[in-house]
2 protein chains.
Amino acid sequence: MSLPETELAVFMERLRESGIKLTHQRMEIFKEVASRMDHPDAASVYERVRERVPTISLDTVYRTLWMLKEAGLITTLGPAHDRLRFDANTAPHHHFVCTICGKTEDFYCDAFNSLNVPQEVNAIGVVERAQVELRGLCNACAKEETK
Amino acid sequence: MSLPETELAVFMERLRESGIKLTHQRMEIFKEVASRMDHPDAASVYERVRERVPTISLDTVYRTLWMLKEAGLITTLGPAHDRLRFDANTAPHHHFVCTICGKTEDFYCDAFNSLNVPQEVNAIGVVERAQVELRGLCNACAKEETK
DNA sequence: TTATTAAACAGGAATCATTCTTATTTAGTA
DNA sequence: TACTAAATAAGAATGATTCCTGTTTAATAA
Ligand SMILES: [Mn+2]
Ligand SMILES: [Mn+2]
Ligand SMILES: [Zn+2]
Ligand SMILES: [Zn+2]
């Protein structure tokens, strides 16, 4: 609900140092997404912000959310970006996901196959499967980067 | 590339025991997705299968992939469901994802924050972040289930 | 083998999330 | 207060996925 003063200050400072304009819309969108712990989608952020800024457009919400991600102030869930992807590997395994190109590679690790989940999680639901997702730069994208 | 005889047998048996018809299309789609380790999207499966079954439709590919998921023969990547979702929680944390309703909840676990990734992964790329993703049934959906 | 029929299919239309285009507005600066 | 590049709103476009409908087919039994 309430947003710590410091978070807002960090947001404003981050924009200033990047030469990005601090608009009314951006302020409201950041306050909305930063105050929610339920991993909202863009439409949900849009609906809520609209109560305070009735003329805001969905496009502005998307643009702002991507900008916030670029600035490292928020992240996206999942292998990010575009389409549904399928996996026929039924053996226990884990994934490395490239944050640039989205390439997703399997890897195997016995230690990761037998993680024991904290008590805390029982209050949420029943775990059926545990997977580790590593995010980073794949070698191909790292090579691109150095130019 | 090549698909072990047993995988195909399991596939055929799984369909039979569920009373699902074993069609030419389903056979080819399963063989395609099961032979690939690159987590293809539906369009990619479609393109490849089309070389062997020129009249196949994209709709059939989608229907079949969902059916295979239902049968437990494949999985989907990410928190599944449809839309992009955003997360403004910048503290190190992990996720529980409900496989029914898609609800995604944060949880915290020091042990998970300091996983050490296997050597193997260095051959793929540079890891920037590691997150554990637990999949299962949330309490609300579990209650629905029992009826 | 042939007939029967519910299930599955192909093709095209529809939907829906996301992105693009463009004319208008505004934050930052002087 | 005036200037200007950046940001916005609105609506059109795109693209992935799903739905609709008439046709085909796998499975079963005569
Ligand atoms: Mn995999
Ligand atoms: Mn989270
Ligand atoms: Zn990459
Ligand atoms: Zn649920």
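Worth saying up front: this structure is predicted, and the values here are computed from it rather than measured. Sequence lines set the chain letters: A, B, ... in the order given, protein chains first and strands last, and positions in each chain run from 1.
Nucleic acid contact for B/Arg26: sugar-phosphate only, since backbone atoms but no base atoms lie under 4.0 Å from a heavy atom of the residue. Across all strands shown, B/Ile20 has heavy atoms under 4.0 Å from sugar-phosphate atoms exclusively, and none from any base. Residue-level contact check: A/Leu58 touches the bases, meaning some heavy atom is under 4.0 Å from a base atom.
Annotation: B/Phe96 is not in aromatic contact with B/Phe107 [ring centroid separation under 6.0 Å not met].
Neither side chain, A/His93 nor A/Asn113, offers a donor N or O lying under 3.5 Å from an acceptor on the other. A/Ser44 and A/Arg36 are linked by a side-chain donor-acceptor pair at a separation below 3.5 angstrom, with hydrogens and angles left out of the test.
Distance A/Met67 CE to D/dA7 P: 8 Å, rounded to the nearest Å. As rounded to whole Å, 16 Å separates atom P of D/dA6 from atom CD of A/Glu70. Straight-line distance from the CZ atom of A/Arg16 to the P atom of D/dA6: 18 Å, rounded to whole Å. One can place OH of A/Tyr62 at 19 Å from C1' of D/dA7, the figure rounded to the nearest angstrom. Between the C1' atom of D/dG15 and the CG atom of B/Asp41 lies a distance of 12 Å, rounded to the nearest Å. Note: CE (B/Met12) to P (D/dA26) measures 13 Å, nearest angstrom. Atoms CG (B/Leu22) and P (C/dA7) sit 17 Å apart, rounded to a whole Å. C/dC9 atom P lies 13 Å from atom CE of B/Met27, rounded to whole Å.
Mapping B/Lys21 and B/Pro54 onto DNA chain C via the closest heavy atom, the residue that lands nearer the 5' end is B/Lys21. When each of B/Asp59 and B/Thr23 is assigned the nucleotide of DNA chain D bearing its nearest heavy atom, the one mapping closer to the 5' terminus is B/Asp59.
Between A/Gln25 and D/dA9 there is a side-chain N or O to OP1 or OP2 distance below 4.0 Å. Close to C/dT18, at under 4.0 Å from its OP1 or OP2, lies no side-chain N or O of A/Trp66. Phosphate contact (OP1/OP2 of C/dA8, side-chain N/O of B/Arg63, threshold under 4.0 Å): absent.
Distances were taken from every side-chain heavy atom of A/Ser57 (C-beta onward) to each of D/dA9, D/dT18, C/dA10; the shortest belongs to D/dA9.
One finds no salt bridge joining A/Arg135 and B/Glu128 here, because no Lys/Arg side-chain nitrogen approaches an Asp/Glu carboxylate oxygen to under 4.0 Å.
Under the side-chain hydrogen bond (donor to acceptor under 3.5 Å, both in side chains) rule, B/His95 has a single partner from B/Asp106, B/Asn89, B/Thr104, which is B/Asp106.
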